*Asks:* 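Structure below; questions to follow.
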Amino acid sequence: MTCWAKLESSSWIYPTALLSLYGFFANCRVAEPFLTAYLIGPNKNISEEVVTNYLFPIWTYSYLAFLFPIFLLTDFLRHKPLIMLQGLFLVTNYILLCFAPGLPAMTFLQVNYAVVTSTEVAYFSYIYSVIPVENYQRATGYLRSAMLAGYTFGASLGQILISLAGVDYFYINAITLGIVSMAFLISFWLPMPQRSLFFKGREAAAGDLQSQQGGPPGPNGPEEPVVYKDGAGSERDKMEHDGSIGWCSGENMASAGHLLWRSFRESYSSRHLIYWSLWWALATAGYVQVFNYIQLMWDHIEPSATSSIYNGGVEAACSLVGAVAAFSVGHLKVTWTVWGELALGLFSAVATGAVFLMAFTSSIWACYGGYVIFKSCYMFLITITTFQIAANLSMQCYALTFGINTFVALLLQTILTFIVVDEAVLGLDIVTQFIVYGSYYAVISVLFLIRGSYTACTFQRNPEPTDTNEEPRVEVISAEHF
């Protein structure tokens with residue numbers, strides 16, 4: 001009990017450990033790599049065309065509808081309720097998969113899963129509201145490692161159970177239900193944050209804006225973010241967050257809106273950051289589309305009803321290779337402000353080739369290999385992108401940029417889904433879809449190859465900084481986080 005009490009009284013170890021456990025169990029979805037095989041198999045008996053052109057688009061449209069309101073609710077409700085909501089809907093998701101028959105139930109499942117994905121922002125932002133700023137780096141590393149470990153372990157376990165033990169897909173989903181139920185229970189133990197990024201009252205918001213602009217609010221310069229532990233903290237701030245001084249008042253809402261607008265202007269004031277955000281949105285839209293429909297491509301090449309499938313092993317391999325690629329970013333001595341855009345173009349071209357390989361090959365192993373290359377390129381580049389954006393912004397601005405970029409990416413993905421996939425418009429078959437996705441990535445690679453070549457040539461002619469707006473204002477998140 002002494003060790004537990006010491007752990008619980010820690011300012012950062014206790015919430016980090018609990019959230020890491022939650023991240024492990026929430027992402028240890030043993031059945032996820034085999035979802036398509038389960039839906040079109042004898043368990044649910046839904047045709048491949050219905051899954052492709054009707055069911056999966058519903059998730060995209062629902063995700064778009066939920067994302068921005070949940071992003072604001074996450075900060076307004078201070079993160080923990082949304083993490084608990086994610087855990088609850090994860091449990092509901094696998095209850096539906098296990099026990100609910102028929103197409104209407106699977107349609108509702110897509111809406112249910114959209115809530116799960118849209119609340120992921122709470123997992124990433126919770127920890128920054130409960131721990132001191134000096135522990136951000138270590139905590140972020142632990143949380144991302146927990147997610148990776150959970151996803152890799154779940155995919156590997158699913159592959160072992162199917163390939164070696166011959167376990168039915170129903171029992172794989174039942175095992176996943178038990179695992180995500182553990183995540184839901186763990187979410188109750190998370191400590192409740194006592195602060196938010198935007199809904200914090202006029203005085204606190206003004207102090208944060210002053211510190212972002214470099215003006216010292218006190219005699220010793222900018223203040224550290226307030227983190228309450230064991231009842232510490234000002235009574236006024238506590239009362240504001242408890243609702244006694246109008247936490248939900250119009251004045252507080254107005255100050256939050258003002259802070260959001262100021263953060264938005266700061267986030268997109270640099271041309272350099274706009275280019276990085278543009279790649280983030282464009283590439284993420286294409287990546288999510290490929291990720292959503294890759295199982296259908298695998299089933300098209302090698303039907304799961306008549307062949308052995310290795311989806312879980314491939315997803316586990318992708319996670320490990322992608323993690324190595326992302327980890328290598330922190331050890332590369334490259335001036336990313338000069339060569340970063342060219343790297344975006346080059347690796348996007350490699351990803352383009354990988355998507356076309358998946359579209360035109362008749363070999364399942366070549367398709368698996370193309371997917372590993374594609375996912376590794378994306379994880380490598382998104383790591384560089386998040387670092388380049390985050391290293392130049394305060395926490396408020398980075399959180400807002402993360403939300404806006406994700407929303408734009410989802411909007412683009414929704415447009416792609418509506419035109420290419422939805423049966424109400426083109427309703428293309430899976431091979432033609434991947435040809436479209438490859439062409440989409442080819443456009444991204446050409447745009448950034450042109451822009452990157454221009455930036456590199458300009459620097460070679462004049463090795464002075466090309467954009468004075470790129471000087472970091474507040475370096476809250478360091479490179480090693482990503």
Side-chain angles (χ1 to χ4, degrees), residues 25-71 73-74 81-123 154 158 168-185 187 288-289 291-296 299 304 406-407 410-411 413-414 416-418 420-425 427 430:
F25 285 108
N27 287 277
C28 187
R29 304 172 196 172
V30 181
E32 189 166 279
F34 309 97
L35 174 63
T36 298
Y38 182 64
L39 291 177
I40 67 178
N43 298 92
K44 297 300 179 183
N45 200 26
I46 302 173
S47 70
E48 184 177 324
E49 291 74 19
V50 171
V51 171
T52 306
N53 303 122
Y54 174 73
L55 274 184
F56 285 178
I58 291 173
W59 170 82
T60 303
Y61 304 147
S62 303
Y63 188 13
L64 179 66
F66 291 140
L67 180 63
F68 204 71
I70 285 182
F71 172 75
L73 272 177
T74 297
L82 274 298
I83 295 176
M84 295 173 65
L85 182 70
Q86 184 188 50
L88 174 63
F89 274 72
L90 265 174
V91 172
T92 307
N93 195 73
Y94 285 95
I95 289 176
L96 289 170
L97 278 171
C98 287
F99 304 112
L103 186 59
M106 295 302 100
T107 302
F108 179 72
L109 171 76
Q110 300 301 315
V111 180
N112 183 89
Y113 190 65
V115 177
V116 173
T117 50
S118 59
T119 50
E120 284 178 355
V121 64
Y123 176 83
D168 186 77
Y169 290 131
F170 171 81
Y171 297 105
I172 297 293
N173 280 277
I175 291 170
T176 309
L177 173 60
I179 293 173
V180 298
S181 297
M182 289 292 297
F184 179 51
L185 293 176
S187 68
V288 175
Q289 200 72 354
F291 178 81
N292 283 350
Y293 293 92
I294 188 60
Q295 291 185 34
L296 285 160
D299 200 82
S304 56
T406 304
F407 181 79
L410 185 56
L411 184 62
Q413 187 209 342
T414 303
L416 267 176
T417 300
F418 179 71
V420 176
V421 182
D422 199 307
E423 60 184 359
V425 189
I430 193 65

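For reference, positions follow the sequence shown, starting with 1. Note that the structure is predicted; figures quoted are calculated from it, not measured.
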*Asks:* Could you tell me the separation between the OG1 atom of Thr92 and the CG atom of Leu177, rounded to the nearest 0.5 Å?
*Replies:*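 Here the rounded value is 9.5 Å.
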*Asks:* Can you tell me if Tyr169 uses its side chain to pair, donor with acceptor, with the backbone of Gly41 under 3.5 Å?
*Replies:* no
*Asks:* Should Glu48 and Val50 count as side-chain neighbours, where that means a heavy-atom distance under 4.5 Å?
*Replies:*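 Counting from C-beta outward, Glu48 and Val50 never come under 4.5 Å.
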*Asks:* Determine the minimum heavy-atom distance between Thr414 and Thr60, stating which atoms define it.
*Replies:*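 It is OG1-CG2, 3.5 Å.
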*Asks:* Rounded at 0.5 Å granularity, tell me how far OG1 in Thr36 sits from CG in Asp299.
*Replies:*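 Spacing of OG1 (Thr36) from CG (Asp299) equals 7.5 Å.
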*Asks:* Looking only at heavy atoms, what is the nearest atom pair of Leu88 and Phe184, with distance?
*Replies:*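 Closest approach of Leu88 to Phe184, heavy atoms only: N-CD1, 3.4 Å.
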*Asks:* Do Gln86 and Thr117 have side chains that get closer than 4.5 Å, going by heavy atoms?
*Replies:*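 The answer is no; the side chains never approach within 4.5 Å.
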*Asks:* With rounding to the nearest 0.5 angstrom, report the CG to CD distance, Asn93 to Gln110.
*Replies:*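 The distance works out to 8.5 Å.
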*Asks:* Indicate the atoms forming the closest heavy-atom contact of Ala31 with Tyr94, along with that distance.
*Replies:*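 In this case the closest contact between Ala31 and Tyr94 is CB-CE2, 4.2 Å.
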*Asks:* Decide yes or no for Pro57 and Asn53: does some side-chain heavy atom of the first lie under 4.5 Å from some side-chain heavy atom of the second?
*Replies:*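 Side-chain contact under 4.5 Å: no.
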*Asks:* How far apart are the C-alpha atoms of Asp168 and Asn43, what are their side-chain angles, what is the distance that settles it, and do they pass the side-chain contact (heavy atoms from CB on, under 4.5 Å) test?
*Replies:* CA-CA 9 Å; Asp168 186 77; Asn43 298 92; 3.4 Å; yes
*Asks:* Strictly distance-based, threshold 3.5 Å: is any side-chain N or O of Thr52 a donor or acceptor partner for the main-chain N or O of Glu49?
*Replies:*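 No, Thr52 side chain to Glu49 backbone: no donor-acceptor pair under 3.5 Å.
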*Asks:* So, for Ala122 and Leu82, which heavy atoms are closest and what is the spacing to 0.1 Å?
*Replies:* CB-CB, 3.8 Å
*Asks:* Would you please test Glu32 and Thr176 for side-chain contact (heavy atoms from CB on, under 4.5 Å) and show each step?
*Replies:* CA-CA 9 Å; Glu32 189 166 279; Thr176 309; over 6 Å; no
*Asks:* Show me the pairs that pass side-chain hydrogen bond (donor to acceptor under 3.5 Å, both in side chains) and involve residues 95-106, at least two apart or across chains.
*Replies:*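 Non-adjacent pairs meeting side-chain hydrogen bond (donor to acceptor under 3.5 Å, both in side chains): zero.
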*Asks:* Among Tyr293, Tyr61, Phe291, find the residue that satisfies the ring pair (Phe, Tyr, Trp, His ring centres under 6.0 Å) test when tested with Phe56.
*Replies:*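 Only match with Phe56 under ring pair (Phe, Tyr, Trp, His ring centres under 6.0 Å): Tyr293.
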*Asks:* So, does Gln295 use its side chain to make a donor-acceptor pair with the main chain of Leu35 at under 3.5 Å?
*Replies:* yes
*Asks:* Using atom types as modelled and distance alone, determine if a side-chain donor or acceptor of Ser118 lies under 3.5 Å from a backbone N or O of Phe66.
*Replies:* no
*Asks:* Give me the atom names and distance for the closest heavy-atom approach of Val51 to Ile40.
*Replies:* CG2-CG2, 3.8 Å
*Asks:* Strictly distance-based, threshold 3.5 Å: is any side-chain N or O of Lys44 a donor or acceptor partner for the main-chain N or O of Leu103?
*Replies:*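 Checking the backbone N and O of Leu103 against the side chain of Lys44, no donor-acceptor pair under 3.5 Å is found.
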*Asks:* Ignoring hydrogens, what is the shortest heavy-atom contact between Leu85 and Thr119? Give both atom names and the distance.
*Replies:*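 So the minimum-distance heavy-atom pair works out to CD2-CG2, 4.3 Å.
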*Asks:* Using the ring of each side chain (for Trp, its six-membered ring), is Trp59 parallel, tilted or perpendicular to Tyr113, with breaks at 30° and 60°?
*Replies:*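 Ring orientation, 0 to 90° scale: tilted.
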*Asks:* Keeping Asn173 on the side-chain end and Cys98 on the backbone end, is there a donor-acceptor pair under 3.5 Å?
*Replies:* no
*Asks:* So how far is it from Ile58 CD1 to Asp422 CG, rounded to the nearest 0.5 Å?
*Replies:*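 It comes to 9.0 Å.
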*Asks:* Side chains of Gln413 and Leu64, heavy atoms from C-beta outward: is any pair under 4.5 Å?
*Replies:* no
*Asks:* Report yes if some heavy atom in the side chain of Val421 is under 4.5 Å from a heavy atom in the side chain of Gln289; otherwise report no.
*Replies:*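 Result yes, sub-4.5 Å side-chain heavy-atom pair found.
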